Amino acid sequence: DGAMAAGSREGWRGPERAGAGGVALLGVVPGAPSCPHGPALLFVKTSQDKEEGRRFYACSACRDRKDCNFFQWEDEKVSETRLAAREEYNKNRQPSFTHGQNVERYKDFVLLPLSKRRFCQECQQLLLPAEWENHSDHQFLCDISTAQLRSPSQLLYPLENKKTNAQYLFADRSCQFLLDLIVDLGFRRVLSVGTPRLHEMIQSKASQEEDFRVRSLLLDIDFRYSQFYTEDEFCHYNMFNHHFFDGEAARETCRKFLCQDNGERVIMVTDPPFGGLVEALASSFKKLMAMWKKTEKEGDKNQEMPIFWIFPYFFESRILEFFPSFSMMDYQVDYDNHALYKHGKTGRRQSPVRIFTNITPSMIVLPVEEGYRFCALCQRYVSSGNQHCELCNSCTSKDGRQWKHCVLCQKCVKPSWFHCNNCNCCALQNHTCEKTDAGCFVCGKAGHKRSTCPSLSRT
Ligand code: SAH
Ligand code: ZN
Ligand code: ZN
Ligand code: ZN
Ligand code: ZN
């Protein structure tokens, strides 16, 4: 199915999509044991024959056992010695410098003349002259300029571990679009959750342009960023379990940031790894929203903190399950270091990544010069190829191509699909009618694959 077939960024099936013999997420529970990534999440093994599966804890952040092999049955007795060993292990796995130490090091670093400013590529660390010797057989960059220090996402290599911490950086065009949109909507503070490039664009502008008033706080699990930002600009945070690694002080920094000026003019922007665990992300985002809600607001007490959640369109139904007030925008978010999701030289590779937001869709103006238009009936901007279907009374395309209405399915479907009387739904012409035992990537139900998931074209 062409450009849209690119499944997730990591091709990983989230455990909360329990198929037969799968694993389901139960969530963050009080008293959960911790791994180096904070409290572990509780899961349950589901099996076809047994009603109730066995519950276990596993690392919240790492999909790959190689990155964190934490595992514990819920009913397992853990001896005092093992607990002590685990605590010791967790401590040893923490970064060698604290955030505070990194801030001090940065202050020293910027005082150095250009010729003494080195960055170790192997250790991904700014070096002070006294440390050069220890890194003498490492590759390093010299003459680190102020401009480079303002763009750490260019200096650091993107973590490319497929399963755990795949970093996909916004293409400049998309990042600029997001920032312009944020400014045009009148926001003054941005809680950047897993969006280091947006954060650095904001911070960099703020330090260079006097009349630019937007500020950003970055929450990210990538501790390398603590070398470039103070405790008021960056919190080491795990968005799968809402864990602040630096404890109460960092949590308070975040709370203050959200609640400043009565919590007005603040927006949260997040671009999480696409590996799944939508439910865990939603639960953390609700906690961040609750932090914001605690402020005394005039008027509507049921207001929600404005959010841009950047995620692939095929997660639409999953996200709406947790955030019914959200809608999906047609804007295609592009990335620098993802071959599939960036503009090609000839013709564009269509990105499946979209913006989900609780801001009124008509307020989200998409660039006409990039082929978006306003649909007066839907009251939102849509892709130029997205035709308004009179039968569905909506612009139904999810992927930018024109979809076609199937009278039997009573909805619009992908242009490449045909109605199959066997399956009683639309599918690719060469699909196999037999049921598949593996659960669907999108909805988790058995009987069909992602490409024919009925929830994708839900209207
Ligand atoms: N497009 C964004 C980057 C998105 S990549 C930009 O250009 O700014 C996903 C980001 O989420 C990365 O920065 C990664 O470090 C971060 N991340 C991955 N797992 C995380 C976790 N468990 N908690 C918090 N941040 C995480
Ligand atoms: Zn872990
Ligand atoms: Zn329309
Ligand atoms: Zn239709
Ligand atoms: Zn059909």
Side-chain angles (χ1 to χ4, degrees), residues 9-10 36-38 41 59-63 67-68 151-154 156 158-161 163-172 174-176 178-179 190 192-202 216 218-225 234-245 269-275 277 280-281 284-285 288 308 310-311 330 333-338 341-342 351 353 355 361-362 373-383 386-397 402-414 426 457-459:
R9 275 196 282 211
E10 289 118 44
H37 307 91
L41 296 179
C59 174
S60 58
C62 309
R63 301 282 77 72
D67 297 316
C68 180
S151 310
S153 78
Q154 315 262 4
L156 302 167
L159 299 175
E160 285 199 338
N161 179 315
K163 284 186 173 163
T164 296
N165 197 353
Q167 287 181 321
Y168 294 102
L169 300 168
F170 294 132
D172 204 49
S174 284
C175 201
Q176 195 65 62
L178 283 170
L179 183 50
V190 180
S192 298
V193 183
T195 55
R197 190 155 270 185
L198 177 65
H199 175 74
E200 84 188 20
M201 189 178 263
I202 294 171
S216 172
L218 175 65
L219 307 189
D220 203 289
I221 202 163
D222 186 352
F223 191 68
R224 296 176 305 170
Y225 284 100
F234 169 75
C235 298
H236 191 202
Y237 174 78
N238 182 349
M239 63 169 112
F240 289 110
N241 59 3
H242 188 60
H243 178 65
F244 287 86
F245 290 86
V269 181
T270 185
D271 186 12
F274 300 160
L277 290 178
L281 291 170
S284 298
F285 299 160
L288 289 169
F308 288 160
I310 297 163
F311 227 50
D330 269 20
V333 179
D334 286 313
Y335 295 87
D336 258 357
N337 56 338
H338 199 298
Y341 306 164
K342 71 180 177 193
S351 161
V353 185
I355 301 167
S362 60
R373 65 175 177 89
F374 188 71
C375 174
L377 294 164
C378 294
Q379 283 291 302
R380 67 176 183 106
Y381 281 80
V382 294
S383 289
N386 194 356
Q387 297 285 328
H388 191 87
C389 169
E390 279 173 13
L391 295 164
C392 295
N393 193 26
S394 138
C395 288
T396 46
S397 169
Q402 184 177 347
W403 285 23
K404 58 181 188 188
H405 193 87
C406 170
V407 281
L408 294 168
C409 291
Q410 296 184 307
K411 65 178 185 190
C412 282
V413 297
K414 291 184 176 182
C426 281
S457 42
R458 193 170 77 175
T459 45

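The structure displayed is predicted, hence computed values, not measured ones. As the structure lists them, so they are numbered: ligands from 1, and atoms in each ligand from 1.
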Step by step, work out the side-chain contact (heavy atoms from CB on, under 4.5 Å) result for D271 and F170. CA-CA 10 Å; D271 186 12; F170 294 132; 3.3 Å; yes
Passing option when Y237 is tested against D220, I221, V193 for side-chain contact (heavy atoms from CB on, under 4.5 Å): V193
Using a 3.5 Å cut-off on N or O atoms only, is M239 in polar contact with ligand 1? yes
State, yes or no, whether a side-chain contact exists between H199 and V190 at a heavy-atom distance under 4.5 Å. no
Is the F244-H242 ring centre distance short of 6.0 angstrom? yes
Are any of the N/O atoms in Y335 less than 3.5 Å from those in ligand 1? no
Shortest reach to atom 21 (C) of ligand 1 by a heavy atom, considering only N241, I221, V193, V353: I221
Do N386 and Q402 meet the criterion of a side-chain donor-acceptor pair at a distance under 3.5 Å? no
Subset of ligand 1 atoms that lie under 4.0 Å from at least one heavy atom of P273: 18 (C), 19 (N)
For L198, the atoms of ligand 1 under 4.0 Å from one of its heavy atoms are 8 (O)
Inter-residue atom distance S192.OG - R197.CZ, 0.5 Å rounding: 13.5 Å
Heavy-atom distance to atom 22 (N) of ligand 1: which of T270, D336, N238, I310 wins? N238
For ligand 1, which is the ligand I care about here, please tell me if L219 has any N or O atom under 3.5 Å from one of the ligand's N or O atoms. no
Any idea which of L281, V333, D220 brings a heavy atom closest to atom 13 (O) of ligand 1? D220
Would you call the rings of F223 and H236 parallel, tilted or perpendicular, taking 30° and 60° as the class edges? tilted
Would you say ligand 1 has an N or O under 3.5 Å from any N or O of P272? no
Does any N, O or S atom in C406 come within less than 2.8 Å of the Zn ion (ligand 4)? no
Return yes or no for this condition: an N or O of L169 is under 3.5 Å from an N or O of ligand 1. no
If you measure only the distance, is there a donor-acceptor pair under 3.5 Å linking the side chains of S60 and H37? no
Which atoms of ligand 1 sit under 4.0 Å from any heavy atom of Y237? 23 (N), 24 (C)
From SG (C375) to CZ (R380), nearest 0.5 Å: 8.0 Å
F240 heavy atoms, cut-off 4.0 Å: which ligand 1 atoms fall inside? 22 (N)
Distance-only side-chain donor-acceptor flag, S153 / E200, under 3.5 Å: yes
Atoms of ligand 1 under 4.0 Å from any heavy atom of D222, numbered from 1 in the order shown, are 15 (O)
For the Zn ion (ligand 4), give me the closest N/O/S atom belonging to H405, just the atom name. ND1
As an exercise, state the distance from CG of L178 to CD1 of I310, rounded to the nearest 0.5 Å. 4.5 Å
Could you grab the distance from atom OG of S284 to atom NE2 of H243, nearest 0.5 Å is fine? 11.5 Å
Given the Zn ion (ligand 4) as the apex, I'd like the angle to SG of C412 and SG of C392, rounded to 10 degrees. 120°
Relative to ligand 1, is Y168 under 4.0 angstrom through side chain, backbone, both or neither, heavy atoms considered? backbone
Just how far is it from atom CG of N238 to atom CG of L219, taken to the nearest 0.5 Å? 11.0 Å
How would you list, by chain and number, every residue that makes a ring pair (Phe, Tyr, Trp, His ring centres under 6.0 Å) with F308, sequence neighbours excluded? none
Could you name all protein N, O or S atoms found under 2.8 Å from the Zn ion (ligand 3)? C375 SG, C378 SG, H388 ND1, C395 SG
